[in-house]
Number of protein chains: 2
Amino acid sequence: MPKSKFELIYIDIKRKIESQEYNYQDLLPSENTLSRNYKCTRNTIRRAIQSLVSEGYVQTMHGIGVRVIYQPVDQNTFTIGGIESFQESAARNHRESKTKVIQFTELIVDERIAKHSGFPIGTELYYIQRVRYLDGKPLILDINMFLKSLIPNLTKQIAEKSIYEYLENELGMSIVTSKRKVTVERITEIDEKYLELNDYNCLAVISNQTYNSDGILFEYTKSRHRPDYFCFQDTATRKRTSS
Amino acid sequence: MPKSKFELIYIDIKRKIESQEYNYQDLLPSENTLSRNYKCTRNTIRRAIQSLVSEGYVQTMHGIGVRVIYQPVDQNTFTIGGIESFQESAARNHRESKTKVIQFTELIVDERIAKHSGFPIGTELYYIQRVRYLDGKPLILDINMFLKSLIPNLTKQIAEKSIYEYLENELGMSIVTSKRKVTVERITEIDEKYLELNDYNCLAVISNQTYNSDGILFEYTKSRHRPDYFCFQDTATRKRTSS
DNA sequence: CTCTTATACTTGTTTAAACAAGTTCTATAT
DNA sequence: ATATAGAACTTGTTTAAACAAGTATAAGAG
């Protein structure tokens with residue numbers, strides 16, 4: 001519950017950037033100044049700054065300072081980024097969400113599924129198909145596979161609300177790492193049936209492997225997104241200037 | 001040139017994971033063991049491990065250890081991830097690349113372009129359109145905008161080879177942060193003309209803002225990818241278990 | 001006026017140590 | 001036999017200090 005010092009500092013600086021107390025292209029106060037202000041060591045400040053770097057808020061410059069490169073984004077489209085459930089994204093974008101379960105069954109992993117899911121052959125899974133609605137519009141077709149051995153009593157009722165909420169609040173499981181691929185695939189009959197695709201003949205697919213806090217792969221999901229409401233965000237930083 | 005200690009350790013452990021000296025689901029040797037082996041402090045080890053965490057190679061578990069969650073990926077598709085030029089990606093995927101410049105002109109930023117590129121109105125830019133071929137197939141239509149004031153003598157000849165190589169090797173500029181959005185858009189006449197889209201009526205678009213080592217936005221690029229050869233990879237980690 | 005040099009900043013790397021907190025196993029008391 | 005408590009591990013957080021290395025400015029030499 002009581003967050004660590006570097007995290008509080010990170011949150012505070014982030015807030016100051018978002019509220020434009022520190023403006024785009026400004027330099028932050030120097031690490032020594034910040035460590036005096038926040039009454040901590042330079043190390044703790046550096047750790048907070050590192051988090052901001054990895055999220056594309058600032059960029060450090062050796063011998064010069066730390067430059068703010070955050071620019072506010074317009075909230076038109078339904079953006080995805082970081083680890084977030086559909087429910088959380090909907091709330092963050094101030095939209096109303098609904099979920100319809102169209103299939104709820106079980107499955108044993110064969111060679112074909114093993115290859116792209118990362119689950120070993122023979123693993124018992126829940127296999128769930130759900131349509132996700134945002135403000136009444138069907139936007140996403142989720143195809144979830146959950147490790148049965150880790151999630152004892154998953155039901156259709158839970159799937160209709162939020163599986164992640166169940167995992168985190170009821171089972172005390174926590175999600176740590178998410179490996180994702182974004183591709184574009186041809187539409188299938190199921191897509192056409194449940195999503196209002198107009199005349200689009202392909203859609204965006206996020207394939208997702210999720211690991212819990214024990215480092216166990218417990219979920220593989222394909223989220224099939226209607227193109228007109230799809231936006232995936234990302235920030236990358238280069239490690240080094242030269243070899 | 002002489003890399004830092006933590007980076008050498010990071011590279012060494014990464015190599016051991018990729019060569020499966022440390023296997024999927026294994027625990028790494030403890031931080032204290034590693035610090036003895038590499039003759040450094042625990043801090044330096046922890047820094048190396050942090051890099052591995054952010055790339056989805058390992059996951060730390062409080063009180064338990066550091067678990068390897070790396071699984072080798074099959075190199076069928078042309079994957080994108082991290083900051084990489086087209087040339088570099090091609091080399092990494094062992095493909096032959098070619099570039100054709102179809103437009104090379106200049107441009108002054110108006111309100112519409114300012115809004116999505118992040119450049120201020122009135123900025124002078126190079127405007128370049130290029131088709132990227134991989135193994136003879138046209139896969140990507142790149143629409144580049146480069147800040148003219150930072151790149152004095154960009155020519156069509158350079159654009160035909162590699163602009164990034166020119167920036168890094170000739171101008172000594174270094175690329176640090178890249179903010180990206182992935183969307184799916186309807187095809188345009190130009191897409192249809194230059195990419196062999198068969199009957200796809202949309203394609204994957206990576207919109208890219210790139211910042212140099214001075215924290216200056218110097219590039220905005222839209223890369224329009226043929227769906228059948230598009231794969232974007234990403235790893236995300238959750239910050240905290242609970243509030 | 002121009003160039004060099006010193007110096008006072010900035011961030012980057014590494015060491016060392018202490019304590020907090022989570023997990024696992026073992027010895028002890030009941 | 002079964003709990004409980006403790007010891008011995010693990011990773012997580014924070015402090016403190018020193019030095020390296022890049023950048024800017026101001027003082028001084030030519």
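Fair warning: this is a prediction, and the values are worked out from it, not measured in the lab. So that the names make sense, note that chain A is the first sequence line, chain B the second, and so on, each numbered from 1. When reading the values below, keep in mind they use all heavy atoms of this one structure, side chains included, and skip hydrogens, waters and symmetry mates.
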Atom CD of A/Q59 to atom C1' of C/dT10: distance rounded to whole Å?
16 Å

Spacing between A/L27 atom CG and D/dA24 atom C1', to the nearest angstrom:
13 Å

Can a side-chain donor-acceptor contact be found between B/Q59 and A/T177 if the only test is distance below 3.5 angstrom?
yes

Whole-Å distance, A/I49 CD1 to C/dT11 P, equals 7 Å

Taking the minimum atom-to-atom distance to the side chain of A/N43, which one of D/dA17, D/dT10, D/dT13 wins?
D/dA17

Confirm from the modelled atom types if B/R42 and D/dG12 form a donor-acceptor pair under 3.5 Å, side chain to base only.
yes

Is the phosphate of C/dT13 approached by B/K3 (side-chain N or O, under 4.0 Å from OP1 or OP2)?
no

Closest to the side chain of B/F6, out of C/dT10, D/dT14, C/dT13, is C/dT13

Provide, to the nearest angstrom, the distance between the CZ atom belonging to B/R46 and the P atom belonging to C/dT14.
16 Å

Looking at B/R47, I'd like to know whether one of its side-chain N or O atoms comes within less than 4.0 Å of OP1 or OP2 on C/dT13.
yes

Please give, in whole Å, the distance from C/dA16 C1' to B/R36 CZ?
16 Å

Whole-Å distance separating the CE atom of B/M61 from the P atom of D/dT10
13 Å

Looking only at side-chain N and O atoms, does B/T44 come under 4.0 Å of OP1 or OP2 in C/dT15?
yes

Cut-off 3.5 Å, side chains only: do A/T221 and A/E219 have a donor facing an acceptor?
yes

How many Å lie between CD1 on A/I45 and P on D/dT14, as a whole number?
11 Å

Answer yes if the side chains of B/Q157 and B/Y166 hold a donor-acceptor pair under 3.5 Å, and no otherwise.
no

Would you say A/S4 places a side-chain N or O within less than 4.0 Å of OP1 or OP2 belonging to D/dG12?
no

Can you name the residues that form a side chain to side chain contact (heavy atoms under 4.5 Å, CB included) with A/D12, not counting sequence neighbours?
A/R15, A/K16, A/Y38

If only side-chain N and O atoms count, and only distance matters, is there a donor-acceptor pair under 3.5 Å linking A/Q20 with A/Y70?
no

Nearest whole angstrom, please: distance from the P of C/dT11 to the NE2 of A/H62.
10 Å

What's A/T41 touching, base or sugar-phosphate or nothing? Going by heavy atoms closer than 4.0 Å.
base

